[in-house]
Amino acid sequence: MTHLQGIAASSGIAIAKVYPLEAPDLSYSKQDIQQPEEEVKRLHEALDTSKSELETIKEHTKKQLGDEHAEIFSAHLLVLSDPELIQPIEDKIKSDNVNAEAALDETANMFIDMFKNMDNEYMRERAADIQDVTKRVMAHLLNVTFPDPALINEEVVIVADDLTPSDTAQLNKQYVKGFTTDIGGRTSHSAIMARSLEIPAVVGTKNITSQAEKDSMIIVDGINGDVIVNPTDEQVAEYKKKQDEFEEQKKEWAKLKDEPTVTSEGEHVELVANIGTPEDVEGVLNNGGEGVGLYRTEFLYMGKSQLPTEEEQYDAYSSVLKQMGDKPVVVRTLDIGGDKELDYLELPDEMNPFLGYRAIRLCLERDDIFRVQLRALLRASVHGNLKIMFPMIATLDEFRQAKAILEEEREKLNNEGQDVSDDIEVGMMVEIPATAVIARQFAKEVDFFSIGTNDLIQYTMAADRMNERVSYLYQPYNPAILNLVNNVIEAAHAEGKWAGMCGEMAGDEIAIPILLGLGLDEFSMSATSILPARTQIRDLSKKEMASYKEEILSMGTAEEVVAFVKEKTQS
Ligand code: PEP
Ligand code: MG
């Protein structure tokens, strides 16, 4: 039995076999061969297996994430059937008398180099496709497993160094009972997605990949952050009991699904959800969400080989708005960068991606990309209650520029005779301390604020949100953070605007009473946090919490704040 402590990232308990998700060793030796026909046959067998796997993955992706995300696999399938790639590999086997591995590698690399150096973006994307599919075919030639979450067909817990947001999006809940990683923090995007998918997860264990062998039993406790490899029978029994208790607890919470969120004095509090795709809306409604407080649109751009078209975006935004009816939907414009990459944009590597060329910074420079998104949003606005916000605003000038581009696109659509709602609030994320400090000035120009504490905390504490070694500095209750949050809420209210929060802090049990007292208007969280938060808020008095405001804001440490809140709320 091995016990590891990590960061609880998505609640629930998983007990299943280990499925390591790691890049396979694809090294091979080049060999002279006597029977080229045999090698050609091996090549075609590997190609056929790869094709049938890609068909499965494509179907799975279509179901889980929609047609656009499945397109990349159609492109991969085309590569595998392209005689212009396959014939030269066969020719090489026959003319050079080399094994299939060498012929595949050398021929594919020749095409990859050729395409990569072309001016044409489309051809450069083909280089990436060839690179991807060649790895799969090579794995089959070498008889090594090419791990792929979409191909899993038995109950497992995924163990990986890290999971990218697109890996996470591929996970099939039916079989993937949980996951655990070496690196990452509670606010890394794979953790956030695990919560939307309701898959228990523990991240940042530092070394689970070296402790867990394929097929051994593992327990992942996403409530407390424990991971146990090769548990004893007693431990399995103990965690099965915990699993049952968690299910019972969920049933209790579910009773409040159609109830309003009110404090003990009967004041309404708005509880809305964060989503990444139109498919997540079902979870929001099932968990009694009163709206969407953050739609992370970048997932529409990820896991693909090219930018989504205006029509694709229009369909996705309209689908969310229609499903939510007259409930508010806050859509955030493209926030790429940090841990969310777009390979096809081929942006240069940066020393500090979270401080780099990302989100609104990229959109203002690449306004060709930004305008397509804004047009799609404006056109979709007639289908519901849309609000638009810009991510990573650092200066007033950035907000003004982004808003001016939005207005230009609105005018163009008006001139084209397209219907656009004339009641779209335009706000911004407050996630850079510079904007929280002078929130008063911003409040005059925005319709609302949404405080993004995942980034606000990492920038205020100077602690990378992905780095488990500094995760102790992710301190939502640190008075420095609480004072910034208070400043933003007061600034909004002074100008008659509203302030919400869409960082993970908004769904945090200790933070909720404090935020209630500070007067936060809207709490946006993972859908699964809504019912526990509603249950908690019914027992809290906003008036009482507001009376502690000055005392809390003048405290010196996060620990003092936690002790104080516990004393006042957990009688
Ligand atoms: C945040 O930074 O708090 C936020 C909600 O945005 P993201 O987690 O997508 O960076
Ligand atoms: Mg952010």
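Atoms within a ligand are numbered from 1 in the order they appear, just like the ligands themselves.
- Taking the salt bridge (charged side-chain N to carboxylate O under 4.0 Å, His left out) definition, one finds that Glu350 meets it with nothing, sequence neighbours left out.
- Put simply, CG on Asp521 and CZ on Phe523 are 8.5 Å apart, with the number rounded to the nearest 0.5 Å.
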Please tabulate, one line per pair, the protein N or O atoms found under 3.5 Å from any N or O atom of ligand 1, giving the distance to one decimal.
residue	atom	partner	partner atom	Å
ligand 1	2 (O)	Glu431	OE1	3.0
ligand 1	2 (O)	Asp455	N	3.1
ligand 1	2 (O)	Asp455	OD2	3.0
ligand 1	3 (O)	Gly452	O	3.3
ligand 1	3 (O)	Thr453	N	3.1
ligand 1	3 (O)	Asn454	N	2.8
ligand 1	3 (O)	Asn454	ND2	3.4
ligand 1	6 (O)	Arg332	NH1	2.8
ligand 1	8 (O)	His189	NE2	3.3
ligand 1	8 (O)	Arg296	NH2	2.8
ligand 1	8 (O)	Asn454	ND2	2.9
ligand 1	8 (O)	Arg465	NH2	2.8
ligand 1	9 (O)	His189	NE2	2.8
ligand 1	9 (O)	Arg296	NE	2.7
ligand 1	9 (O)	Arg296	NH2	3.4
ligand 1	9 (O)	Arg332	NH1	3.2
ligand 1	9 (O)	Arg332	NH2	2.8
ligand 1	9 (O)	Lys340	NZ	3.4
ligand 1	10 (O)	Asp455	OD2	3.0
ligand 1	10 (O)	Arg465	NH1	2.9

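- Other residues, nucleotides and ligands place more than 12 heavy atoms under 6.0 Å from the CD atom of Glu407.
- Remark: of the listed residues Val262, Thr261, Leu256, Thr261 is the sole one forming a side-chain contact (heavy atoms from CB on, under 4.5 Å) with Ile537.
- In the displayed structure, Asp326 atom CG is contacted under 6.0 Å by at most 12 heavy atoms of other residues, nucleotides or ligands.
- A distance of 14.5 Å separates OH of Tyr459 from CG of Leu484, quoted to the nearest 0.5 Å.
- Within the 3.5 Å criterion, the main-chain N or O of Thr277 finds a donor-acceptor partner in the side chain of Asp280.
- Pairs of residues two or more places apart, or lying in two chains, never qualify as salt bridge (charged side-chain N to carboxylate O under 4.0 Å, His left out) while including a residue from residues 466-488.
- The backbone N or O of Ala380 sits nowhere less than 3.5 Å from a side-chain atom of Ser318 that would complete a donor-acceptor pair.
- For a distance threshold of 2.8 Å, the protein N, O or S atoms nearer than that to the Mg ion (ligand 2), listed by chain and number, are Glu431 OE1, Asp455 OD2.
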